[in-house]
Engineer: 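Got a structure for you, written out below as structure tokens; questions coming shortly.
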Amino acid sequence: MKKCVIIVDNSNVWIEGKKFSAKQNGGCIGVGEKYADDPSWRIDFGKLLTVVAEGKEISHAILVGSRPPKNDSLWSAAEKMGYKVIVHDRNSVGKEKAVDTEIVIQGTIIICKQEPAVLKLVSGDSDFKPLISLANDNGWETEMWAFRNAFKRDGELAKSVSRIQVLDNVFSEIGHNEFVWPVKST
């Protein structure tokens, strides 16, 4: 059985998961009839790792994101679950910086040093197309795990991977809500 490498773009999964949760729970409609996000949705990083691995041996699990507030325990919890955690500071206006670049760098190092395996990218961000191309060129199988809203089926990233797994299908396994939505009356 081939080993796998799992690389998670924290912001992509968290933002799209909150949107999906709001939609699933009949949450508020936002601008342009798009669903607003559900601020109570939380990713269970241990379960995400288990679901994405699909029983394969994990040679590397990397979680990349922006630095949280000092009192946030997210990153230490993710490390305890087996992730190598890499965080970057936001810029002066609060925008995420260096996360996508870090994912490409970490993936490139692994692809160039390790025997071909399965690269499981947990993100729908098309900025990762060069990383997927490098993996494909080096004999790796490539998978994209993302919420349906986070990618275009006919987009370059989706067309370049060996397999697409939609996180919508495993939503209840990879996270939970800290808030119970009231039942809508009809």
Engineer: So how far is it from Leu134 CG to Ile110 CD1, rounded to the nearest 0.5 Å?
Structural biologist: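 So the CG of Leu134 and the CD1 of Ile110 are separated by 11.5 Å.
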Engineer: Applying a strict under-4.5 Å side-chain criterion to I, L, V, M, F, W and Y, I'd like to know whether Val166 and Ile15 cluster together.
Structural biologist: no
Engineer: Got a sec, which residues hit salt bridge (charged side-chain N to carboxylate O under 4.0 Å, His left out) with Glu143, two or more places apart in sequence or on another chain?
Structural biologist: Lys120, Arg163
Engineer: What residues form a salt bridge (charged side-chain N to carboxylate O under 4.0 Å, His left out) with Glu96, not counting sequence neighbours?
Structural biologist: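 Glu96: no salt bridge (charged side-chain N to carboxylate O under 4.0 Å, His left out) contacts found.
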Engineer: Suppose we screen for ring pair (Phe, Tyr, Trp, His ring centres under 6.0 Å). Which residues come up paired with Trp14, at least two apart in sequence or across chains?
Structural biologist: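 Once residues adjacent in sequence are excluded, Trp14 has no partner under the ring pair (Phe, Tyr, Trp, His ring centres under 6.0 Å) criterion.
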Engineer: What's the separation between atom CZ in Arg42 and atom CG in Asn177, rounded to the nearest 0.5 Å?
Structural biologist: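 One gets 9.0 Å once the value is rounded to the nearest 0.5 Å.
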Engineer: Got a second to check how far Met144's CE is from Asp125's CG, nearest 0.5 Å?
Structural biologist: 10.5 Å
Engineer: To the closest 0.5 Å, what do you measure between CD1 (Ile86) and CD (Gln106)?
Structural biologist: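 Between Ile86 CD1 and Gln106 CD, I get 3.5 Å after rounding to 0.5 Å.
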Engineer: Kindly write out the residues that satisfy side-chain hydrogen bond (donor to acceptor under 3.5 Å, both in side chains) with Ser59, not counting sequence neighbours, or none if the list is empty.
Structural biologist: Gln114
Engineer: One pair to check against side-chain contact (heavy atoms from CB on, under 4.5 Å): Asp38 and Phe20. What are the steps and the verdict?
Structural biologist: CA-CA 8 Å; Asp38 173 2; Phe20 186 79; over 6 Å; no
Engineer: Below 3.5 Å, can you tabulate the donor-acceptor pairs from side chains in residues 168-175 to any protein atom, sequence neighbours excluded?
Structural biologist:
| from | atom 1 | to | atom 2 | distance (Å) |
| --- | --- | --- | --- | --- |
| Asp168 | OD1 | Arg148 | N | 2.9 |

Engineer: My understanding is that only residues two or more places apart in sequence, or in another chain, count here; which of them pass side-chain hydrogen bond (donor to acceptor under 3.5 Å, both in side chains) with His88?
Structural biologist: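 Once residues adjacent in sequence are excluded, the partners of His88 under the side-chain hydrogen bond (donor to acceptor under 3.5 Å, both in side chains) criterion are Glu102.
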Engineer: Under the side-chain hydrogen bond (donor to acceptor under 3.5 Å, both in side chains) test, which residues partner Ser133, sequence neighbours left out?
Structural biologist: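 Testing Ser133 for side-chain hydrogen bond (donor to acceptor under 3.5 Å, both in side chains), a comparison that skips the adjacent residues, returns Lys129.
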Engineer: Mind checking salt bridge (charged side-chain N to carboxylate O under 4.0 Å, His left out) for Asp137 and listing every partner two or more places apart, or none if nothing turns up?
Structural biologist: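 Not a single residue meets the salt bridge (charged side-chain N to carboxylate O under 4.0 Å, His left out) criterion with Asp137.
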Engineer: Sequence neighbours excluded, which residues qualify as side-chain hydrogen bond (donor to acceptor under 3.5 Å, both in side chains) partners of Asn10?
Structural biologist: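 Listed in chain order: nothing, the list is empty.
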Engineer: Apply ring pair (Phe, Tyr, Trp, His ring centres under 6.0 Å) to Tyr83 and list each qualifying residue two or more places apart in sequence or on a separate chain.
Structural biologist: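 In terms of ring pair (Phe, Tyr, Trp, His ring centres under 6.0 Å), with neighbours along the sequence ignored, Tyr83 is linked to Phe45.
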Engineer: Donor-acceptor check, side chain of Ser162 to backbone of Thr142, threshold 3.5 angstrom: yes or no?
Structural biologist: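 Side chain of Ser162 to backbone of Thr142, a donor-acceptor pair under 3.5 Å: yes, one is there.
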Engineer: Working to the nearest 0.5 Å, report the span between OG of Ser126 and CD1 of Ile132.
Structural biologist: 11.5 Å
Engineer: Which residues, ordered by chain and number, are linked to Val93 in its hydrophobic cluster, where ILVMFWY side chains connect at heavy-atom gaps below 4.5 Å, directly or through other members?
Structural biologist: none
Engineer: Which value, rounded to the nearest 0.5 Å, describes the distance between Leu121 atom CG and Ile6 atom CD1?
Structural biologist: 11.0 Å
Engineer: One pair to check against side-chain contact (heavy atoms from CB on, under 4.5 Å): Val99 and Ser11. What are the steps and the verdict?
Structural biologist: CA-CA 9 Å; Val99 170; Ser11 296; 5.6 Å; no
Engineer: For residues 152-160, which side-chain N or O atoms pair as donor and acceptor with protein atoms under 3.5 Å away, sequence neighbours left out?
Structural biologist:
| from | atom 1 | to | atom 2 | distance (Å) |
| --- | --- | --- | --- | --- |
| Ser160 | OG | Glu156 | O | 3.2 |
| Ser160 | OG | Leu157 | O | 2.9 |

